[in-house]
A.B. asks: 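First the structure, which I've put down as structure tokens, then a few questions once you've had a look.
For clarity, every value in this text was computed on a predicted model and none was experimentally measured. Numbers restart at 1 for each chain; the letters A, B, ... are given by sequence-line order, proteins then strands.
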Amino acid sequence: MRYSGMKVLWEGLTGNRGWKPVWREPEPKKSYDIVIVGGGGHGLSTAYYLAREFGLSNIAVLEKGWLGSGNIGRNTTIIRSNYLLPGNEPFYELSMKLWENLEQDFNYNAMVSQRGIINLYHSDSQRDAFARRGNAMIMAGADAVLLDRAGLEKQCPFLDFDNARFPIQGGLWQPRAGTARHDAVAWGYARGADMHGVDLIQNCEVTGFLIEDGVCKGVETSRGAILARKTAVCVAGSSGRVMSKAGMRLPIESHALQAFVSEGLKPVIPGVITFGAGHFYISQSDKGGLVFGGDIDGYNTYAQRGNLPVVEDVCEGGMAIMPMIGRARLLRMWGGVMDMSMDGSPFIDRTHIDGLYFNGGWCYGGFKATPASGFCYAHLLARDEPHPTAAEYRLDRFISGRMIDERGAGAQPNLH
Amino acid sequence: MIINHPLLGPRDASEFVYLGDASLIDRPDWQAKDAQQQFHDYLYLRDNPAGAHRELWFHEQGDRSWLVVTRDTITHEITNVELARDVALQRGRGR
Amino acid sequence: MSQTHRIDGGLLDRSRALRFTFNGTSLEGYAGDTLASALIANGVKLVGRSFKYHRPRGIFTAGSEEPNALVTLRRDGHGEPNTRATVTELFDGLVASSQNHRGPLRYDLMAVNDYLAPFLSAGFYYKTFMWPKAFWEKLYEPVIRSSAGLGRLSGKADPDIYDKGFLHCDILIIGAGPAGLCAALSAARSGARVILADEDFRFGGRLNTETMAVAGTSGADWAQQAVAELASMDNVRLMPRTTIYGAYDHGIYGALERRTDHLAESAGKPRQVLWRIYSKRAILCAGATERSIAFGNNDRPGIMLAGSVRAYANRWAALPGKRIAVFTNNDDGWRTASDLAAHGADIAAIVDTRDRAPLEAPAGATVAMGAYVTDTKGRHGLKSITLSNGTTIECDCLAVSGGWSPNVHLTCHQRDKPQWRDDIAGFVPGPDLPVGMRVAGAANGALTLAAALREGHEQAHAAAEELGFKPASIALPAAEDEAVETSAFFHVKADGPRAWIDLQNDVTAKDVKLSHQEGFRSVEHLKRYTTLGMATDQGKTANLLGLSVMAECNGRSIPETGTTIFRPPYTPVAIGALAGRSRGKAFRPTRLTTSHKSAEERDAVFVEAGQWLRAQWFPEKGETHWRESVDREAVRVRESVGICDVTTLGKIDIQGRDAAEFLNRVYSNGFAKLPVGKVRYGLMLREDGMVMDDGTTARLGENHFVMTTTTANAVSVFRHLEFCRQCLWPGLDVHLISATEQWAQFAVAGPHSRDLLRKVVDPEFDLSNEAFPFMACGEVTVFDGTPSRLFRISFSGELAYEIAVPARYGDAMIRALMDVGEEFGVVPYGTEALSVLRIEKGHPVANELCGQTTARDLGLERMVSKKKDCIGNTLSERSHLNREDGLALMGFAPVMRNEHLSAGAHFTSRDKPATTENDEGWMTSVAYSPTLGHSIGLGFIARGRDRVGEIVQAADPLRGKTIEVRIVSPHFVDPEGERQRA
Amino acid sequence: MPRLAPSSPLNGFRQEFDRLEITEITDLALVSIASPQGREAELASAVSGAYGIALPPVGSSVEADAGEPRFLGLQPGQCFALFERQDEGPVDIIARKLSDAGYYTDQSDSWAVLRVSGTRCREALERICPLDLHPQTFVTGAVARTVMEHLGVIIFRDGEDSFLLLSARSSAPSFLHAVVTSAKNIQ
């Protein structure tokens with residue numbers, strides 16, 4: 001079924017009786033060409049691109065819970081490609097370009113909204129570091145603008161320019177960045193993959209891998225064994241516990257990231273604003289809620305919740321730069337489990353087990369990567385060679401010392 | 001969270017700084033033949049268990065002890081707290 | 001308008017009349033009113049508009065679960081959008097206005113949306129607004145955004161202040177209704193430290209709103225007696241107006257206490273206080289929330305929850321209608337009817353979905369059993385209801401009772417999944433409660449008064465016993481176990497008008513069915529697709545209704561379909577309160593050097609360096625541009641002498657028999673053989689081989705060193721060293737203590753620095769080059785006996801020293817140094833000149849030590865000893881970190897001498913475009929060198945050391961500036977280092 | 001040149017509130033004493049010889065027989081000696097008594113010291129101090145290092161209604177602001 005304004009009108013006039021389920025609910029088959037473990041954003045987009053770009057459709061996506069129940073269902077919806085390092089920036093810029101055409105591509109309005117992102121700077125050396133980054137972005141074909149204080153005041157007059165503890169001097173602005181309606185991204189990819197014949201199987205937990213003589217032949221699931229020529233794991237925060245079933249230790253720790261949303265308010269914040277020095281970022285959703293967050297809680301956890309110190313820290317950061325939000329109320333807080341990698345950058349790679357592939361280590365930045373991650377993972381699965389923009393995302397990169405460490409924080413996941 | 005410090009009793013976790021898996025105590029021998037591989041595994045690879053996890057916390061806003069805390073990563077229940085120095089000595093570290 | 005709907009009785013102080021305005025109309029209420037009860041007393045029905053269809057809405061509940069009656073309270077900067085009138089304590093001068101309408105509330109232009117409803121069904125926006133592509137951001141989205149949202153922020157800084165605090169108790173009791181009060185009495189009498197918190201301003205919970213007796217007196221009176229006893233005990237802290245909003249790990253609860261919200265002015269006191277409560281045990285006595293029933297047009301003003309109608313009459317002496325009908329599926333609805341009748345209200349009808357009447361109906365009321373309401377009329381206020389039997393009954397208020405849902409919210413803030421109980425048709429707490437939590441009373445599904453009192457006592461008794469207290473035996477107050485039989489009737493299954501489920505977000509039963517039809521069948525999909533339960537009330541009265549419709553579509557039971565999980569906060573919390581005092585300049589502490597006052601007197605310009613404020617430069621008379629000041633300072637240092645406060649560097653006192661060995665392992669270069677009285681530059685690596693920090697370390701004695709760290713890394717280096725000491729080499733005798741704050745330290749740099757210091761250091765200390773050469777250190781005295789430490793080290797490349805005195809002398813010291821230096825033309829210099837001087841010398845700082853660079857990149861590979869173990873040594877040998885075309889720190893000079901370099905520019909070969917593929921490195925630091933007369937820079941470039949003299953591009957497309965630069969040595973001034981040794 | 005004149009971090013601050021007083025203490029000397037590994041007994045006997053007491057465990061304090069110094073147990077293997085400042089250098093005073101049995105570091109100038117006293121002092125401290133200061137939990141003589149308003153603080157209860165608070169000298173004005181704000185906010 002094709003969605004359009006006309007269709008909405010027609011259905012409205014005829015009692016909305018004609019809408020069909022967005023996806024089938026198939027029983028799992030005995031075997032597939034490719035089994036994707038994890039029905040979150042990356043798993044669904046991988047399935048979608050495998051079908052759409054590489055013409056493969058004998059594919060199943062296995063999801064432990066409901067489609068989109070991972071971090072794509074619990075994030076702060078920011079999309080951007082303001083990265084620094086050559087191992088990252090071209091990949092995220094590819095993702096940005098895919099976002100820009102996504103809705104027309106999969107015929108679903110994911111509300112991709114390019115209202116821009118501004119990273120504030122508070123000192124000359126931060127400005128210099130942002131200049132380095134902005135130039136790297138432009139050199140990779142992305143967009144970047146360095147705002148001075150006057151330029152920033154024009155866009156964000158509500159910032160506390162006069163009394164902030166760390167004076168707000170300006171910002172690095174990426175106009176093409178923005179937000180997208182996170183659940184709709186999952187549903188759009190799911191619907192697209194389903195329409196191409198991919199089996200999306202919910203409530204199907206992978207309990208083990210079928211590994212014989214160093215070759216992965218499929219998976220054990222709560223709904224029986226499913227054979228596959230290729231098994232592609234894509235489970236974000238659950239990477240550690242899933243890959244341990246294949247006997248693998250990863251350069252990944254699981255950490256909780258909290259996110260917050262306020263009560264609905266009339267529009268007050270234009271785009272995304274990040275205050276790195278104070279561990280705070282914010283945007284406003286189309287429904288009017290202020291959506292904000294900050295640092296991860298900082299300890300290993302698989303619980304989708306956090307604790308008070310970070311809640312307070314984040315709100316302190318917010319009040320420090322925009323004291324107008326003091327009387328807005330925090331409505332809801334939640335946590336997601338992040339696959340924090342050792343250098344803050346992800347992996348899209350084969351494993352040492354033939355037929356077993358791994359995609360993970362997205363830290364708290366997986367949402368914006370959803371299109372490119374799926375696209376590049378599909379490329380790797382279909383062609384058995386990495387997509388050029390994701391070639392650095394190797395699992396063995398620490399052996400030779402090819403870290404992709406944007407923050408320069410070293411091998412400590414909770415600092416990235 | 002509250003960490004029941006073996007010397008001080010219960011303290012809010014916000015007084016502490018987290019490092020990671022307590023296996024970071026087991027720093028390899030720099031003269032081993034495969035020292036680079038050993039250091040790689042030591043520094044970069046993690047069990048990252050869903051369940052009991054032995055982990056290092058530093059009581060930065062307290063008595064400056066490094067602690068080994070055994071905490072469940074699903075429930076956050078803490079079942080044991082030891083001074084990391086004692087653990088290190090038990091594991092054969094010395095001079 | 002006067003208080004047309006006010007009746008006798010209630011818990012009001014009628015001697016205190018309070019004036020307030022709603023949408024500009026002046027009204028009056030009494031002390032003890034909420035804004036909602038006062039509006040009801042004044043006959044106000046229409047109070048707001050719904051989110052999507054802008055339907056007229058009235059007050060629906062009498063508590064914090066309110067979905068409809070949201071107002072903007074107060075004005076301007078004090079304006080508080082989305083405030084629930086039902087929990088707003090009335091005060092004299094209160095100003096409230098309705099929200100989310102264009103034009104007057106009664107004639108909202110946006111109400112047109114209601115007519116477009118067929119096209120605005122659940123999720124319609126996912127299916128359209130995609131063409132033409134550019135229209136989304138330019139047209140569709142702005143329209144959606146401006147019509148979404150509810151209230152409006154003022155855009156001004158919050159004028160109130162907030163505070164936080166920490167409380168500790170043995171037993172926290174959440175909710176001061178019958179169960180909570182009984183629990184508190186029982187716990188307190190056992191001797192435990194008790195905190196009793198309730199969101200209401202009056203303790204008692206439903207005891208205040210019911211007519212049932214406790215211990216032979218009215219419930220409200222019994223509550224007052226209980227509160228009086230608790231207030232007299234010093235092991236009890238009573239916290240009214242306090243919401244426990246979240247349950248966190250290990251018995252920590254978040255609480256919000258409203259201190260001045262019930263007053264006209266906060267008078268400089270904290271508006272709210274956010275408490276972190278550390279409890280050993282907690283007893284949740286949060287009561288239950290009544291739910292509605294979904295039926296056609298069930299959202300009109302005048303349709304309210306039955307228990308709330310009863311509460312307004314009993315507690316607040318306000319009758320929401322003159323002629324009231326009751327629609328119920330349970331016994332409790334009948335009590336509403338009898339209470340209201342007792343207040344003289346005209347009971348139009350009792351409509352019960354069940355077949356048999358449990359009680360007698362008030363005189364004159366039509367009783368319709370096995371019937372339900374199918375439709376209602378009355379645009380701005382209810383006029384009539386239509387029943388399933390076809391009857392139409394005129395009434396201006398419909399009290400709806402769909403049964404009671406236990407307030408299990410806090411039980412599921414961690415892992416617990418509520419469990420279904422058929423007998424009350426609701427979810428009760430499950431088996432995985434937060435550690436230390438117990439649940440009592442209605443929150444636990446014990447819906448009768450006597451049961452609540454009993455459970456409160458029992459749970460407190462058990463908790464106290466667990467903690468080792470001797471619980472006192474108390475006589476339970478007598479109360480009745482009233483009739484509470486209920487039926488699982490959630491919505492009227494009829495193809496009539498729209499039946500609302502989520503009143504605020506305008507989710508109807510049809511939307512839930514559509515969600516099912518389109519495959520969004522799990523509870524989470526339902527919630528996300530329809531926005532059910534995502535409004536400011538978080539679906540407190542709606543979730544179960546939605547679930548019941550979905551269960552019906554699925555053909556499964558409610559518990560099979562799913563549970564509703566609640567996340568913190570229980571009710572919304574102001575962001576200002578969560579931030580507490582940390583805003584403006586108080587966001588983070590400010591650290592000042594001891595020379596700060598003196599620098600202020602010299603009109604220094606300050607800059608933030610982490611939490612420190614440091615003098616950036618010291619403008620002199622006539623200088624109009626910062627460069628003039630900075631150039632002058634730098635030149636004076638090179639020509640004569642300057643003084644800079646370097647106190648901010650971290651200083652760590654290291655002592656022990658193994659201190660030298662310890663340093664040898666944490667620094668990549670050798671320290672074991674550093675002689676006493678000498679200083680050495682040390683390079684510290686992370687275990688991954690990257691440079692972590694650098695600094696100088698002085699050996700003051702055989703077993704005594706003082707390490708300096710960079711300002712930024714002082715804390716993390718200390719932590720790292722303690723890790724090495726306690727976890728890696730616990731057998732070494734070495735002790736660390738921070739001495740950063742103990743010493744005020746000044747760099748004295750320039751050719752006249754020795755001359756100046758000779759006037760400072762007491763004469764018995766020989767400062768000659770022979771006696772105190774470059775890299776010497778020692779303990780001296782200054783100005784006739786003040787103990788001091790002197791280090792001959794140089795960051796500027798000049799003959800230079802750093803001299804440290806105990807911090808108490810810092811202020812006097814800087815003044816004295818400036819005084820005695822006058823004859824040499826001494827200048828104070830700030831961080832800018834410091835930076836110029838170090839760039840001229842090629843010394844790396846944070847810009848270069850960015851955590852992404854190795855010793856080799858910095859040209860310091862010889863400082864990584866291969867003869868010993870040290871942190872980072874092994875992994876620094878990895879192949880990629882030692883590749884042939886690796887980066888090197890180099891100097892850069894503009895080819896056109898008058899051009900300015902810019903930090904953050906990237907290097908590319910001259911003939912290549914600026915793209916990622918051609919990227920060869922970046923400029924880290926730049927300065928104008930007054931010594932050389934042109935701009936200079938430091939930066940990393942691939943194979944830099946082989947390319948000295950080569951001209952490359954410094955591309956800065958971000959600022960539209962690309963210039964040619966020549967690769968040179970990073971040591972621009974005195975590359976042989978002769979000056980510092982002079 | 002005249003000798004250098006000392007100045008205190010908070011210029012001798014003192015303010016009274018309702019049943020609450022905040023005073024800067026300026027005349028204290030503070031020396032950290034670390035016990036050499038493997039020679040803990042030597043230090044213990046030197047301390048008992050010189051002061052007639054045993055060093056306190058972490059979290060508590062003990063007074064020398066003569067009343068001074070008071071030793072605060074702050075971390076394993078390390079305590080602070082607290083005594084009235086004299087002309088002689090603080091480390092010299094300790095070293096004279098204990099010889100080289102321990103490692104000593106002068107901390108006298110590292111800290112700003114406030115005394116918060118009066119019957120409402122706990123109520124004020126509740127706003128910034130995460131520790132349970134109930135008199136049965138944090139008894140007179142108890143000592144702890146913790147964090148208040150983002151600042152590290154050593155808190156020492158020197159009486160039923162009196163606490164000494166030590167915080168870093170450089171951020172003393174911020175710390176004072178935090179304590180005074182607490183006092184004002186409860187009035």
A.B. asks: Quick one: of A/R2, A/R329, A/M324, who has the most non-hydrogen atom pairs under 4.5 Å with chain C?
C.D. replies: A/R329
A.B. asks: Looking only at heavy atoms and a cut-off of under 4.5 Å, which of C/L881, C/V573, C/V926, C/D688 has the most pairs with chain A?
C.D. replies: C/V573
A.B. asks: So that I can tick it off, tell me whether C/R271 and C/E80 are bridged by a salt bridge, with the cut-off set at under 4.0 angstrom between side-chain N and carboxylate O.
C.D. replies: yes
A.B. asks: Any carboxylate oxygen within less than 4.0 angstrom of a Lys/Arg side-chain nitrogen, looking at C/K127 and A/E11?
C.D. replies: no
A.B. asks: Evaluate the side chain to side chain donor-acceptor pair (under 3.5 Å) criterion for residues A/E63 and A/N203: first the C-alpha distance (whole Å), next the side-chain angles of each, then the deciding distance (0.1 Å), finally the verdict.
C.D. replies: CA-CA 6 Å; A/E63 167 54 48; A/N203 302 310; over 6 Å; no
A.B. asks: Heavy-atom cut-off 4.5 Å, strictly under: side chain, backbone, both or neither for C/L120 against chain A?
C.D. replies: neither
A.B. asks: Identify which of C/E141, C/E917, C/M690 forms the greatest number of heavy-atom pairs closer than 4.5 Å to chain A.
C.D. replies: C/E141
A.B. asks: To the nearest 0.5 angstrom, please state how far the OG1 atom of C/T128 sits from the CG atom of A/L9.
C.D. replies: 8.0 Å
A.B. asks: Just give me the residue among C/T531, C/D249, C/I144 that pairs up with chain A most often, heavy atom to heavy atom, under 4.5 Å.
C.D. replies: C/D249
A.B. asks: Kindly indicate whether the side chain of C/T831, heavy atoms from C-beta on, has any atom under 4.5 Å from the side chain of C/V607.
C.D. replies: yes
A.B. asks: Of the backbone (N, CA, C, O) and the side chain (C-beta and beyond), which part of A/L67 lies under 4.5 Å from a heavy atom of chain C, both, or neither?
C.D. replies: both
A.B. asks: Heavy-atom cut-off 4.5 Å, strictly under: side chain, backbone, both or neither for C/R521 against chain A?
C.D. replies: side chain
A.B. asks: Using a 6.0 Å distance limit plus a 45 degree cone around the ring axis, check whether C/R878 lies over the aromatic ring of A/F398.
C.D. replies: no
A.B. asks: Tell me, side chain or backbone of A/M6 under 4.5 Å from chain C's heavy atoms, or both, or neither?
C.D. replies: neither
A.B. asks: By a 4.5 Å heavy-atom criterion (distance strictly below it), what part of C/D160 contacts chain A: side chain, backbone, both, or neither?
C.D. replies: both
A.B. asks: Look at C/S146, C/G254, C/G689, C/A117 and state which one has the largest set of heavy-atom pairs under 4.5 Å with chain A.
C.D. replies: C/S146
A.B. asks: Considering only heavy atoms, which portion of C/N82 lies under 4.5 Å from any heavy atom of chain A: side chain, backbone, both, or neither?
C.D. replies: both
A.B. asks: What part of C/R581 gets within 4.5 angstrom of chain A, counting heavy atoms only: side chain, backbone, both, or neither?
C.D. replies: neither
A.B. asks: For A/Q202, which atoms come within 4.5 Å of any heavy atom of chain C: side chain, backbone, both, or neither?
C.D. replies: side chain
A.B. asks: Quick one: what part of C/P589 sits under 4.5 Å from any heavy atom of chain A, side chain, backbone, both or neither?
C.D. replies: backbone
A.B. asks: What part of A/L13 lies closer than 4.5 angstrom to a heavy atom of chain C: side chain, backbone, both or neither?
C.D. replies: both
A.B. asks: Would A/R407 and A/D405 pass as an ion pair if we require N to O under 4.0 Å?
C.D. replies: no
A.B. asks: Which bit of C/R528 is near chain A, if near means a heavy-atom gap under 4.5 Å: side chain, backbone, both or neither?
C.D. replies: both
A.B. asks: Can you tell me which portion of A/N107 sits under 4.5 Å from chain C's heavy atoms? Options are side chain, backbone, both or neither.
C.D. replies: both
A.B. asks: Can you list everything that forms a ring pair (Phe, Tyr, Trp, His ring centres under 6.0 Å) with C/F520? Sequence neighbours excluded, please.
C.D. replies: A/W23, A/W187, C/H525, C/Y529
A.B. asks: Can you tell me which residue pairs pass the salt bridge (Lys or Arg N to Asp or Glu O under 4.0 Å) test with a partner in residues 124-141 of chain A, sequence neighbours excluded?
C.D. replies: A/D124-A/R127
A.B. asks: Sort out for me which of A/G178, A/P157, A/P167 touches chain C most, counting heavy-atom pairs under 4.5 Å.
C.D. replies: A/P167
A.B. asks: If you tally heavy-atom pairs under 4.5 Å against chain C, which of A/K287, A/Q412, A/R17, A/M342 wins?
C.D. replies: A/K287
A.B. asks: Using a cut-off of under 4.5 Å for heavy-atom pairs, which of C/H413, C/Q272, C/K510, C/Q611 has the most such pairs with chain A?
C.D. replies: C/Q611
A.B. asks: Tell me, for C/L274 versus chain A, whether the close heavy atoms (under 4.5 Å) come from the side chain, the backbone, both or neither.
C.D. replies: side chain
A.B. asks: Taking the basic N atoms (NZ, or NE/NH1/NH2) and the acidic carboxylate oxygens, is any pair closer than 4.0 Å for C/D956 and C/R959?
C.D. replies: yes
A.B. asks: Kindly indicate whether the side chain of A/W19, heavy atoms from C-beta on, has any atom under 4.5 Å from the side chain of A/K7.
C.D. replies: yes
A.B. asks: Salt bridge check, A/E93 against A/R176: does any charged N sit closer than 4.0 Å to a carboxylate O?
C.D. replies: yes
A.B. asks: Using heavy-atom distances under 4.5 Å, tell me whether A/L84 contacts chain C through its side chain, its backbone, both, or neither.
C.D. replies: side chain
A.B. asks: Go through the atoms of C/Q414 and report whether side chain, backbone, both or neither lie under 4.5 Å from a heavy atom of chain A.
C.D. replies: both
A.B. asks: For C/D511 and C/A122, indicate whether the former's side chain and the latter's backbone hold a donor-acceptor pair under 3.5 Å.
C.D. replies: yes
A.B. asks: Does any backbone or side-chain atom of A/D183 lie under 4.5 Å from a heavy atom of chain C? Answer side chain, backbone, both or neither.
C.D. replies: side chain
A.B. asks: Let me know if A/V145 has heavy atoms under 4.5 Å from chain C in its side chain, its backbone, both or neither.
C.D. replies: backbone
A.B. asks: Please state whether the side chain, the backbone, both or neither of C/E137 comes within less than 4.5 Å of a heavy atom of chain A.
C.D. replies: side chain
A.B. asks: For A/Y108 and A/F106, take the angle between the two ring planes, folded into 0 to 90°, and tell me which bin it lands in: parallel under 30, tilted 30 to 60, perpendicular over 60.
C.D. replies: perpendicular
A.B. asks: Does A/D160 pair with C/R583 as a salt bridge, N-O distance under 4.0 Å?
C.D. replies: no
A.B. asks: Would C/W136 and C/Y125 count as a close aromatic pair, with their ring centres under 6.0 Å?
C.D. replies: no
A.B. asks: Which answer fits C/K156, side chain, backbone, both or neither, if we ask what part of it has an atom under 4.5 Å from a heavy atom of chain A?
C.D. replies: backbone
A.B. asks: Chain C: which of A/W66, A/F166, A/F260, A/F130 shares the most heavy-atom pairs with it under 4.5 Å?
C.D. replies: A/W66
A.B. asks: Give, for atom OH of C/Y248 and atom CG of A/N307, the distance between the pair rounded to the nearest 0.5 Å.
C.D. replies: 8.0 Å
A.B. asks: In terms of heavy-atom proximity below 4.5 Å to chain C, should A/V314 be classed as side chain, backbone, both, or neither?
C.D. replies: neither
A.B. asks: Can you tell which part of A/P86 gets under 4.5 Å to a heavy atom of chain C, answering side chain, backbone, both or neither?
C.D. replies: both
A.B. asks: A/L331 versus chain C, heavy atoms under 4.5 Å apart: side chain, backbone, both or neither?
C.D. replies: both
A.B. asks: Under 4.5 Å from any heavy atom of chain C, what part of A/A164 do you find: side chain, backbone, both or neither?
C.D. replies: backbone
A.B. asks: Could you please spell out the steps behind the side chain to side chain donor-acceptor pair (under 3.5 Å) verdict for C/H906 and C/D919?
C.D. replies: CA-CA 7 Å; C/H906 286 240; C/D919 196 350; 2.8 Å; yes
A.B. asks: Which atoms of A/R305 come close to chain C, meaning under 4.5 Å heavy atom to heavy atom: side chain ones, backbone ones, both, or neither?
C.D. replies: side chain
A.B. asks: For C/K164, is it the side chain, the backbone, both or neither that has a heavy atom under 4.5 Å from a heavy atom of chain A?
C.D. replies: side chain
A.B. asks: Using the side chain to side chain donor-acceptor pair (under 3.5 Å) definition, which of the options A/Q114, A/Q284, A/R115 pairs with A/T179?
C.D. replies: A/R115
A.B. asks: Could you tell me whether the side chain of C/R415 and the main chain of A/A303 form a donor-acceptor pair under 3.5 Å?
C.D. replies: no
A.B. asks: Sort C/M923 into side chain, backbone, both or neither according to what part of it lies under 4.5 angstrom from a heavy atom of chain A.
C.D. replies: neither
A.B. asks: Is chain A contacted by the side chain of C/T83, its backbone, both, or neither, given a heavy-atom distance below 4.5 Å?
C.D. replies: both
A.B. asks: For A/R181, is it the side chain, the backbone, both, or neither that has a heavy atom closer than 4.5 Å to a heavy atom of chain C?
C.D. replies: side chain
A.B. asks: To the closest 0.5 Å, what do you measure between CD1 (A/I325) and OG (A/S262)?
C.D. replies: 8.5 Å
A.B. asks: Counting heavy-atom pairs closer than 4.5 Å to chain A, which one of C/Q517, C/E608, C/K513, C/M534 comes out on top?
C.D. replies: C/Q517
